Every structure is written in C-alpha cells, then in structure tokens.
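Treat the numbers as computed from the prediction; the structure is a model and nothing was measured.
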Amino acid sequence: MNQILKCWAVVPAAGVGKRMQADRPKQYLPLAGKTVIEHTLNRLLQSGAFQAVAVAISLEDPYWPELDVSKHPNVITAPGGKERADSVLSALKSLQGQAAEDDWVLVHDAARPCLTASDIHLQIETLKNDAVGGILALSSHDTLKHVDGDTITATIDRKHVWRALTPQMFKYGMLRDALQQTEGNPAVTDEASALELLGFQPKIVEGRPDNIKITRPEDLALAQFYMEQQT
C-alpha cells in the first residue's frame with residue numbers, strides 16, 4: 001500500500017435485518033462456515049488497503065463479542081446508532097485522532113460478504129485523486145418502470161440509472177461534516193446521498209455483480225455460490 005495514501009474502512013453493523021425473518025441479525029447468520037460479518041471483515045482486512053476497520057455495533061448486541069474478529073488488532077468497535085448514517089458517523093468519530101482530514105474512508109455494508117480485493121483496489125486507484133470521491137455501482141440491465149401503486153406511469157431511461165453498491169469512498173473530514181450537517185434527514189440513505197444534498201457530485205466506479213447484499217434468505221445460497229466461484 002502506498003504509504004502516503006491512507007485509507008480506513010467503516011462497517012455499520014447495528015441493523016436487525018427484519019426481512020430475513022431469522023432469530024438473529026443477518027450479519028450473524030451462518031455462511032460457508034463463518035458468520036456473514038466475519039466474511040465481510042476478513043475481505044476488508046485481507047485486502048491490505050486499510051489502516052484499520054471501524055465497526056459500529058449495537059450496544060445490546062450479544063453476538064459481536066463472541067467473534068474472534070472483534071478482537072483483531074486492526075478492528076475498532078464503535079457504538080451503533082438508530083439509523084445507518086448515525087452508525088457511520090459514530091464509527092468515524094471512533095477514528096478521531098488517528099485518521100487525518102484528507103484520509104480516505106471506505107464505508108462498506110456488513111451484509112456484503114463477497115466483496116473482492118480487486119474491487120477495493122480498483123476503487124481506491126480510480127478515486128484517489130478525485131476532489132469528492134465516489135461509490136462502487138452497477139449499471140442496470142433491466143428495463144425500469146416508474147409506478148404509482150401497481151400502475152406503470154413511465155419507462156425510465158436505464159442509461160442514466162445505476163445501482164449503488166459499497167464501499168462508498170470519501171475523505172474523512174468531508175464525510176464526517178456531511179453526515180453531521182444532514183443528521184436526521186430521511187433522504188440520507190447512503191453516504192453518497194449526504195454529499196449530494198450538500199451539492200457535491202460523487203463519481204461511480206463500476207463494480208463486480210457478485211458484490212451482493214444479503215437481504216433475504218435466498219441470498220445466503222447465492223452468496224455461497226459466488227464465494228465458491230471466486231476461489
């Protein structure tokens with residue numbers, strides 16, 4: 001890793017994952033011999049790209065302290081918040097005094113365990129000289145419809161629509177300030193949206209389609225399939 005370029009990872013992991021209909025948050029469900037979050041964090045730690053990984057965990061979480069990765073010397077545990085943005089901001093604050101204002105922060109979903117080191121390094125290399133930063137994303141191959149209830153009202157030009165993935169990469173100080181200034185705004189559904197609300201225009205870097213998010217039960221089998229193909 002370039003010694004001048006410092007990058008930090010942030011993983012918001014305080015969610016409960018209600019759509020999984022499981023007995024525990026989705027990040028703790030078993031996947032290929034480990035929990036989902038263990039795979040995710042191992043991918044980040046083994047990439048060699050980060051000074052440390054800050055993980056935002058619910059204060060009532062009984063599962064996190066039981067994982068070996070929670071005691072990794074390059075893993076910092078921060079208190080999770082009510083919303084994703086709150087957890088990310090808490091994790092950023094846990095890096096205060098270590099991360100410089102112009103260091104890069106890559107925020108990654110705990111439930112994306114198939115992230116590859118190649119995508120991490122592609123994103124960093126592509127955006128390291130950008131004034132704002134940007135996100136991994138996928139172009140849409142499907143025809144997209146705008147609907148009202150169950151009625152189609154228009155067909156959307158898919159050339160201008162991309163699916164947001166993670167990591168999302170921004171300067172430490174810029175992202176912290178954006179999240180503080182937009183705190184409580186329901187329009188902030190990811191880090192890029194906080195920057196957008198302040199007038200910034202993040203870039204996109206095309207990522208791999210196997211960087212899926214575990215959202216529903218059937219996603220676990222798909223993630224395991226992708227992991228087997230990646231090795």
For Ser47, does its backbone N or O pair with a side-chain atom of His121 as donor and acceptor, under 3.5 Å? yes
Grouping I, L, V, M, F, W and Y whenever their side-chain heavy atoms are under 4.5 Å apart, do Leu44 and Val88 come out in a common cluster? no
Between Ser58 (side chain) and Gly80 (backbone), is there a donor-acceptor pair under 3.5 Å? no
Side-chain donor-acceptor pair under 3.5 Å between Asp210 and Gln229, yes or no? no
Single-linkage hydrophobic cluster Leu198~Val107, side-chain heavy atoms < 4.5 angstrom: yes
Go through the structure and list residues passing side chain to side chain donor-acceptor pair (under 3.5 Å) with Thr126, not counting sequence neighbours. none
I'd like to know whether CD of Glu218 has more than 12 heavy-atom contacts from other residues, nucleotides or ligands below 6.0 angstrom. yes
Does any N or O in the side chain of Asp103 come within less than 3.5 Å of the main-chain N or O of Ala99, such that one atom is a donor and the other an acceptor? no
Establish whether Ile124 and Leu45 are linked, either directly or via other cluster members, by ILVMFWY side-chain heavy-atom contacts under 4.5 Å. yes
Could you tell me whether Lys6 sits above the aromatic face of Trp104, with NZ or CZ closer than 6.0 angstrom to the six-membered ring centre and within 45 degrees of the axis? no
Just checking Asp157: does its CG atom have more than 12 heavy atoms from other residues, nucleotides or ligands closer to it than 6.0 angstrom? yes
Same cluster or not: are Tyr226 and Val36 linked, directly or through other Ile, Leu, Val, Met, Phe, Trp or Tyr residues, by side-chain heavy atoms under 4.5 angstrom apart? no
Could you tell me whether the side chain of Thr166 and the main chain of Asp109 form a donor-acceptor pair under 3.5 Å? yes
Is there a side-chain contact (heavy atoms from CB on, under 4.5 Å) between Met227 and Leu31? Walk through the geometry before answering. CA-CA 10 Å; Met227 285 180 169; Leu31 171 64; 3.7 Å; yes
Which is it for Ile135 and Trp162 under the side-chain contact (heavy atoms from CB on, under 4.5 Å) test, yes or no, and what are the steps along the way? CA-CA 11 Å; Ile135 71 173; Trp162 285 65; over 6 Å; no
Which heavy atom of Val75 sits nearest a heavy atom of Ser70, and at what distance? CG1-O, 4.4 Å
Tell me whether Gln180 at atom CD has more than 12 heavy atoms from other residues, nucleotides or ligands lying less than 6.0 Å away. yes
Would the distance check show the side chain of Glu206 and the main-chain N or O of Ser139 forming a donor-acceptor pair, the cut-off being under 3.5 Å? no
For the pair Asn211 (side chain) and Arg208 (backbone), establish whether a donor and an acceptor sit closer than 3.5 Å, ignoring hydrogens and angles. no
Hey, is the main chain of His39 close enough, under 3.5 Å, to the side chain of Asn42 for a donor-acceptor pair? no
Would you kindly confirm whether Ile120 and Val10 end up in one hydrophobic cluster when ILVMFWY residues are joined by side chain heavy atoms under 4.5 Å apart? no
Trace of the side-chain contact (heavy atoms from CB on, under 4.5 Å) decision for Thr35 with Gln27: CA-CA 7 Å; Thr35 60; Gln27 59 265 33; over 6 Å; no
One pair to check against side-chain contact (heavy atoms from CB on, under 4.5 Å): Arg176 and Leu89. What are the steps and the verdict? CA-CA 6 Å; Arg176 180 202 59 220; Leu89 184 55; 4.0 Å; yes
Heavy-atom donor-acceptor pair, Ser140 side chain to Arg158 backbone, under 3.5 Å: no
Does Lys71, at its NZ atom, have more than 12 non-hydrogen atoms belonging to other residues, nucleotides or ligands within less than 6.0 Å? yes
